[in-house]
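Notes follow the structure.
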Amino acid sequence: MVEPRFLTPAEAMTVASVCKFLGASFNGEDRPVTGVAALADAGSGDLSFCDNPRYAADLAGTRAAACLVTEKLKDAVPSGTAAILVSHPHAAFVSVSRRLYPQALRPQSLFGATGVSPGAIIHPSARLEPGVVVDPGAVIGPGAEIGAGTLIAANAVIGPSVRIGRDCAVGPGVSLTHALVGNRVILHAGVRIGQDGFGFEPGAKGHGKVPQIGRVIIQDDVEIGASTAVDRGHVRDTVIGEGTKIDNLVQIAHNVVIGRHCLIVSQCGLSGSATLGDFVMLGGQVGVNNHITVGSGAQIAATSIVKDEVPPGARWGGRPAKPVRDWFREIAAVERLARTRQSD
């Protein structure tokens, strides 16, 4: 059995053509570039990068065809590897990787399908523009509309009257209801969009279910990771702003409004009616309380719990979250107290 390579380069490049693409120069021999790899794993056809002196040992031992480095590290590149001089090695590495592996930028048909598979179930009133790909097992409900170039992967379910823009990718097993989706949106495997928000009215005889009659609005260029859930609004829409990127296993409750170009890392939870401004960053496992606003440009450290309003541009952390200087002072004070008690 031959070990498969799941992603192969879309074109052939050389060290010289990489430099031309980046507007960079190089020292060493011009060779074919047939892939990309980490320093320690790179072979004679691979491009790698180094932007941190702590990996000097890996750099010295690499067998890569070429390595992207700054001027400061060029002399550490071994003689058998071409040194490509750039200001930001990782950013340059990403640019070349995107050119070599464009198919890795969004989910592809798992069936290798083009057009609509005979195994898909599509309601007669649904409207698909030319160039839509629908894999076997997908279900598209009545009145749904899907734009050109969009992929609906195997076993995805698109609910009634849902609108999906152009050049989107809806991964396998996604459920998408009560939603309007923009262009170039990526929904990875198992994403849940548009289900009920968690709303109940407590009473002496039990908890009465609150109707969730809003929608989910997902703007252009949003990417949502596997098994993330986005609940539809109660009486207003849940909104995810343009360019926002959300990791796997995130919970976004009803009426949440997320601004443009936010980054939300895995296992975060945003409670009902929370608001994030533009360019907010949440580290892993951050919890944001209901009706709280996190201002534009704010950054919240991993595992923090946000219970108070966060000003724009602030950097907060802790449980409960507070400005990082206050948080660090509290940690230092507790450590001093612990050392004092140990010495008593």
Side-chain angles (χ1 to χ4, degrees), residues 5-108 184 186 188 221-223 225 243-248 260-266 278-284 297-302 313 315 324:
R5 290 295 299 268
F6 293 104
L7 296 171
T8 56
E11 62 176 290
M13 298 188 78
T14 64
V15 174
S17 66
V18 168
C19 289
K20 183 177 180 181
F21 173 64
L22 296 173
S25 61
F26 74 98
N27 298 330
E29 181 183 347
D30 187 18
R31 296 179 179 180
V33 173
T34 58
V36 297
L39 285 168
D41 301 326
S44 59
D46 289 324
L47 174 71
S48 193
F49 77 98
C50 184
D51 59 359
N52 192 323
R54 77 171 62 177
Y55 297 107
D58 287 344
L59 177 58
T62 190
R63 295 181 293 115
C67 187
L68 297 153
V69 292
T70 61
E71 184 78 23
K72 189 175 181 180
L73 290 174
K74 69 176 183 179
D75 293 333
V77 178
S79 58
T81 298
I84 301 177
L85 306 181
V86 293
S87 299
H88 303 286
H90 185 258
F93 183 79
V94 170
S95 294
V96 177
S97 299
R98 288 171 61 92
R99 178 164 172 172
L100 284 173
Y101 300 98
Q103 70 273 38
L105 297 176
R106 55 171 265 175
Q108 305 293 306
R184 300 175 301 280
I186 297 174
H188 287 278
D221 299 304
V222 168
E223 182 165 351
T244 284
K245 314 300 182 186
I246 301 171
D247 200 357
N248 306 330
R260 300 176 303 114
H261 304 292
C262 295
L263 293 176
I264 302 175
V265 181
S266 181
D278 298 337
F279 291 93
V280 169
M281 297 184 185
L282 303 184
Q299 299 178 17
I300 310 297
R315 298 177 66 222
V324 290

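By convention here, the first residue in the shown sequence is residue 1.
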Got more than 12 heavy atoms from elsewhere within 6.0 Å of CZ, Arg99?
-> yes
Residues, nucleotides or ligands: over 12 heavy atoms within 6.0 Å of Arg184 CZ = yes
Just wondering, do [Y] and [X] contact through their side chains at under 4.5 Å, heavy atoms?
X: Phe21; Y: Val96; answer: yes
X: His188; Y: Ile186; answer: yes
X: Phe279; Y: Cys262; answer: no
X: Val69; Y: Phe49; answer: no
X: Leu105; Y: Arg98; answer: yes
X: Leu282; Y: Leu263; answer: no
X: Thr244; Y: Ile246; answer: yes

Which atoms form the tightest heavy-atom contact between Gly284 and Val265, and what is the distance?
->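 Closest pair (atom of Gly284, atom of Val265, distance): N-CB, 3.6 Å.
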What's the verdict on side chain to side chain contact (heavy atoms under 4.5 Å, CB included) for Leu22 and Val18, showing C-alpha distance, side-chain angles and the deciding distance?
-> CA-CA 6 Å; Leu22 296 173; Val18 168; 3.9 Å; yes
[X] side-chain N/O to [Y] backbone N/O, donor-acceptor pair under 3.5 Å:
X: Gln108; Y: Arg106; value: yes
X: Asp247; Y: Ile264; value: no
X: Lys74; Y: Ile84; value: no
X: Glu29; Y: Ala82; value: no
X: Thr62; Y: Leu39; value: yes
X: Asp58; Y: Tyr55; value: no
X: Ser17; Y: Met13; value: no
X: Gln103; Y: Thr8; value: yes
X: Asp278; Y: Arg260; value: yes
X: Thr81; Y: Cys67; value: no

Phe26 and Leu85: side chain to side chain contact (heavy atoms under 4.5 Å, CB included), yes or no, with the steps?
-> CA-CA 6 Å; Phe26 74 98; Leu85 306 181; over 6 Å; no
Go through Thr70 and Ser87 one step at a time and tell me if the side chain to side chain contact (heavy atoms under 4.5 Å, CB included) criterion holds.
-> CA-CA 6 Å; Thr70 61; Ser87 299; over 6 Å; no
Step by step, would you call Leu100 with Val36 a side chain to side chain contact (heavy atoms under 4.5 Å, CB included)?
-> CA-CA 9 Å; Leu100 284 173; Val36 297; 3.9 Å; yes
